[in-house]
Amino acid sequence: MNDKLYRGFLFIAALVVPVVCGGVVYALVTDAYDAFEYFGFFRFLTSSEWSYTDGAEQYGALPFITGTLMTTLLALVFCIPFSLPVALFVGEYFRDTQVAAVLGTVTDLLAGIPSIIYGLWGFYTLRPVIMALDISEQGSGILTASLVLAIMIIPYASSLSAEFIKMVPNDLKEGAYSLGATHAEVVRGVVFPVAGSGIFSSYVLAIGRALGETMTVTMLIGNTNNIPESITSTGNSMASVIANQFGEASDLRLSSLIAIGLVLFLITALINMVGKIMIKRARIS
Amino acid sequence: MEPVKPILEFKKTCVSYTRQTMAVKYVSAAIERNTITAIMGPSGCGKSTLLRAANLMHNLYPNIRVDGEILLNGENILAMQPIDVRRKVGMVFQRPAPFPTMSIYDNVLSGFTLNGISLSKSERDATVERCLRSVALWDEVKDVLNKKGTFLSGGQQQRLCIARALAMKPDVLLMDEPTSALDPIATAHIEELMQELQKEVTILIVTHNMGQAMRISSKSMFMYLGELVEYGDTATMFSNPSDERTKAYLTGKMG
Amino acid sequence: MTTLNTRNRLLKDRLMTWAVCLLAALTAVPLLAILGEVLLRGYDQLSWSFFTEPTPTAYRAMKAIEAGEPIPGGIANGIIGTMIMLGMAVLFAVPTGILCGAFLAENQKNRFAQTVSYLTDLLQGTPSVIIGIITYIWVVVPMKGYSAIAGSVALFIMMLPLIIRSTEETLKILPASLKEAGLALGGNNARVMLRVQLPAAFGGIFTGVLLAISRVIGETAPLMFTALGCSLIRWSVDKPISAVPLLIWEFFNDPNLQELIWGASLFLLLFVLTLNLIAKYLAKKWNQ
């Protein structure tokens, strides 16, 4: 095979990626167009009505945008108190030891569990607990979904954070110790500030994962189409409303669901891009 | 004449990384107050290891064992809390490493902030000025105290690290090849500074550079393969070494 | 005074260490809880027929429940569907991904390559449910029906970025001297890539493919709008077909079939986690 042909081959293979991405955007935009044209782009995003009564169809994305933001932020809140210790354990306290490798495998396996199985576990194990604790009557809802979501994103947040914590130069840590600081004080005074931007960016990427998580949320959030009033109420996220209704939808409703898909795609793309840029910057410094 | 009470004393100090190999073997030496003592020797002779033991740096690495005694003002520091010892024994490392997230001002005070000691504004200002003056950095940085310490040149950064250690008012300052990463001009600056500093603090310096040892120190140790071969007045050691190995090293016949 | 202060600080330090250990150890709890639950509840259901028979209809299941018998049938239709779709996806995603990864590794400074690299990240971060929508629009609508082909296209799109990344990263860390030595011996770029670089990178790429498979095999959302599901064992690629995760979703929604849920989950979980561990093990072994 000559060089020209070879380069051509590689180029064509590489072309697949932009073609797929272009196709994603093109298909989402053209198929969401009806909904945006009918309701108006801005009104679609801010309307909280979602009813498919014949003749009086009203579709607005606000309940699902709210649901997504609530589950994601809550998941982040629940995830931090565990993922940060895991990152410290692996990257600082027990760095390069056998126990750290074991914990690393545990988080890897957590990351490997399919989301539908997380959903089952949440439904059959966690939901009864929520009900028994009288937190909410039906057990499903924003809170239940967020709790499981939090477990799911721990591996993503912790492995990247641990990487940045490991990168804190030993010179700095020894410098701080030599001034009489305890381990905890070194972590607070040197490790966190120096690794801070990297740790932050790993949480941005974890948010990116939580935003689009579908099956777990679908199985646990309760699937109602109004804006959730509190964290114990039921709702729907953007991904879960698509998963729930896509199969039975047609025409304007289908277009509206695709429009929600487009919004979700844009938000995750933006968050991931911001996260990636921040990681690159954190790595350089 | 009554013998001067040593400020720091190694008594049969041994450091080992593994059970079989000892990096420092039964070193005994008394360091006099307000002197500069240089520790010389070929790479891997244990000089840095000995120095770091005096700051209990080995405590950070569980596989390192230290035996014997290291006395600071007559007290065995090996039996004391590292965080207490390290405040009295400051340390300056090979590569200048000011805290990159802190300003110059905060770097000088980092010992206090790390240890959770709060000072009043006037105390802080006074400490920063005193320490930066004693490392001859005050005039150069007094207008940019809020800039990050990492903006400074290598030599300035190292002086900032010395200031950071001095802020804790240590009795002893350990310096682990503090100029090996610096250019000759910055090195000269630091050497000059050390001469001044020995009035307030006892300095123990590990150096590769024989010229440096000769220029600044009044006492010298020569270590070889973990042993303290010779310890005495610098001038005597250089002019008339008592041990063959010291002689070989000083005449460049040994790495 | 100082000693009290010292003692306080040491106490805080110890508390911090314990808190880190405790909270870190707690993350193992969900893993063990999930494994335990799926194992305990699914173990009984695993039998020979569970793997060889298709899913029963809701009516047959109901009858069995009324008669107090275990539900007949199994998940053979799902296993076969998963294998067919995964097989097709791997068949296309592996060569495309490797070539694309090789392109990225060879043209690191090229503007086009940087765009491709960025878009690969974009694709990797795209929620799987959106991949489902896209495949529905691209494949299901023009073909006028759900099919195994559509399902495998969705899996292909999900696997592609993973394989590209692992290939690119493995090729990048190969010593440059390897390529230079190959070129010096008179090989052209193509031959050096095929005969020298790719074989040297085989371990990393293989691990990447295994991880990609373990990632997509449990995907449910993108198959819901593409493969749809089917209770028969099917070998054709142009008709709706089932998959193990789709069956779990079906069992979850159908009270009559709920008994089968844990067996199917146990099978899927063990498969995915074993694949994961094998990949990790191989990666470690080949790295040494």
Side-chain angles (χ1 to χ4, degrees), chain A residues 1-3 6 9-11 13-14 16-18 20-21 23-24 27-28 31 81-82 85-86 88-89 93 103 105-110 112-118 120-121 124-125 151 154 182-185 187 208 211-212 214-215 219 239 242-243 246-247 258 261 264-265 268-269 272 276, chain C residues 9-10 12-13 16-17 19-21 23-24 26-28 30-31 33-34 37-38 96 99-100 102-104 106 113 115-116 119-123 125-130 133-134 137-138 157 160 164 188-190 214 218-221 224-225 245 248-249 252 261 265 268-269 272-273 276 280:
Chain A
M1 189 162 33
N2 70 31
D3 248 27
Y6 164 73
F9 253 120
L10 292 195
F11 181 77
V16 171
V17 176
V20 169
C21 287
V24 168
L28 285 177
D31 282 52
F82 297 96
V86 170
L88 279 177
F89 190 100
Y93 279 81
L103 190 62
T105 309
V106 167
T107 52
D108 280 347
L109 290 180
L110 271 181
I113 296 176
S115 81
I116 192 161
I117 290 180
Y118 273 110
L120 287 180
W121 181 74
Y124 289 104
T125 308
I151 299 172
I154 285 174
T182 63
H183 201 168
E185 288 160 353
V187 168
L211 283 173
T214 313
M215 294 320 290
M219 292 160 89
I242 297 171
F246 195 85
I258 294 174
L264 176 61
F265 174 77
T268 35
N272 283 333
K276 286 268 148 104
Chain C
R9 287 172 56 209
L10 288 172
K12 266 190 207 159
D13 182 48
M16 170 94 165
T17 308
V20 164
C21 292
L23 291 170
L26 276 179
T27 52
L31 179 71
I34 291 171
E37 170 153 19
V38 174
T96 318
L99 287 177
C100 185
F103 177 82
L104 291 183
E106 288 218 338
T115 313
V116 171
L119 292 176
T120 306
D121 280 343
L122 178 80
L123 211 51
T126 302
S128 62
V129 69
I130 287 171
I133 296 183
I134 291 308
I137 297 173
W138 282 352
I157 300 175
L160 192 61
I164 292 175
N188 60 16
N189 276 320
S214 83
E219 279 296 345
T220 318
M224 280 162 42
F225 328 140
I248 298 176
W249 177 239
F252 177 74
I261 215 170
S265 301
L268 182 65
L269 192 60
V272 169
L273 295 188
N276 241 298
K280 283 273 139 58

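The analysis underlying the following values was restricted to heavy atoms, covering all of them including side chains, and did not include hydrogens, waters or symmetry mates. Residue numbers start from 1 in every chain, and the chains themselves are labelled A, B, ... in the order their sequence lines are given, proteins ahead of strands.
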Legend entry - Interchain contact, A/P18 with chain C, by part (heavy-atom threshold 4.5 Å):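 The answer is both parts of A/P18.
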
Legend entry - Engaged part of A/T214 at the chain C interface, taking heavy atoms whose separation is under 4.5 Å: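 It is the side chain, since no backbone atom gets that close.
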
Between [options], which has the largest tally of heavy atom pairs under 4.5 Å with chain A?
options                       : value
C/I34, C/L122, C/L123, C/T126 : C/I34
C/V272, C/L273, C/T96, C/T115 : C/L273
C/N189, C/T17, C/L10          : C/N189
C/T120, C/L160, C/T27         : C/T27

Of the backbone (N, CA, C, O) and the side chain (C-beta and beyond), which part of [X] lies under 4.5 Å from a heavy atom of chain A, both, or neither?
X      : value
C/E106 : side chain
C/I134 : side chain
C/L26  : side chain
C/I130 : side chain
C/I248 : both
C/I157 : side chain

Legend entry - Full working for side chain to side chain contact (heavy atoms under 4.5 Å, CB included) between C/V129 and A/L264: CA-CA 10 Å; C/V129 69; A/L264 176 61; 4.3 Å; yes

Rounded to the nearest 0.5 Å, what separation is found between the [atom1] atom of [X] and the [atom2] atom of [Y]?
X      : Y      : atom1 : atom2 : value
A/T105 : C/K280 : OG1   : NZ    : 7.5 Å
C/M16  : A/H183 : CE    : NE2   : 8.0 Å
C/E219 : A/M215 : CD    : CE    : 9.5 Å
C/S265 : A/Y124 : OG    : OH    : 9.0 Å
C/C100 : A/F11  : SG    : CZ    : 11.0 Å
C/C21  : A/Y93  : SG    : OH    : 8.5 Å

Any idea which of [options] has the most non-hydrogen atom pairs under 4.5 angstrom with chain C?
options                        : value
A/I154, A/L88, A/L120          : A/L120
A/G247, A/G208, A/G261         : A/G261
A/L109, A/L110, A/V106         : A/L109
A/V187, A/N272, A/T125, A/I117 : A/I117
A/T268, A/I116, A/I151         : A/I116

Inset, instruction - State, yes or no, whether a side-chain contact exists between C/M224 and A/F246 at a heavy-atom distance under 4.5 Å. - result: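 Side chain of C/M224 against side chain of A/F246, heavy atoms only: no contact under 4.5 Å found.
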
Legend entry - Contact check, side chains of A/L211 and C/P127, non-hydrogen atoms, under 4.5 Å: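 A side-chain contact under 4.5 Å is absent here.
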
Work out which heavy atom in [X] is nearest to a heavy atom in [Y]; give both atom names and the distance.
X      : Y     : result
C/A190 : A/D3  : N-OD1, 3.6 Å
C/V20  : A/P85 : CG1-O, 3.6 Å
C/A102 : A/L10 : CB-CD2, 4.1 Å

Legend entry - Sidechain-backbone polar pair: C/D13 side chain, A/A184 backbone, donor-acceptor under 3.5 Å: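 It does hold such a pair.
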
Inset, instruction - Would you sort out whether A/I242 and C/F225 count as a side chain to side chain contact (heavy atoms under 4.5 Å, CB included), showing the intermediate values? - result: CA-CA 10 Å; A/I242 297 171; C/F225 328 140; 4.1 Å; yes

Legend entry - C/A113: partners by side-chain contact (heavy atoms from CB on, under 4.5 Å), with sequence neighbours left out: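 C/A113 satisfies side-chain contact (heavy atoms from CB on, under 4.5 Å) with C/F103, C/L104, C/N107, C/N110 only.
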
Inset, instruction - List for me each residue that meets side-chain contact (heavy atoms from CB on, under 4.5 Å) alongside A/D31, sequence neighbours excluded, and say none if there are none. - result: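 A/D31: side-chain contact (heavy atoms from CB on, under 4.5 Å) contacts with A/I258, C/I137.
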
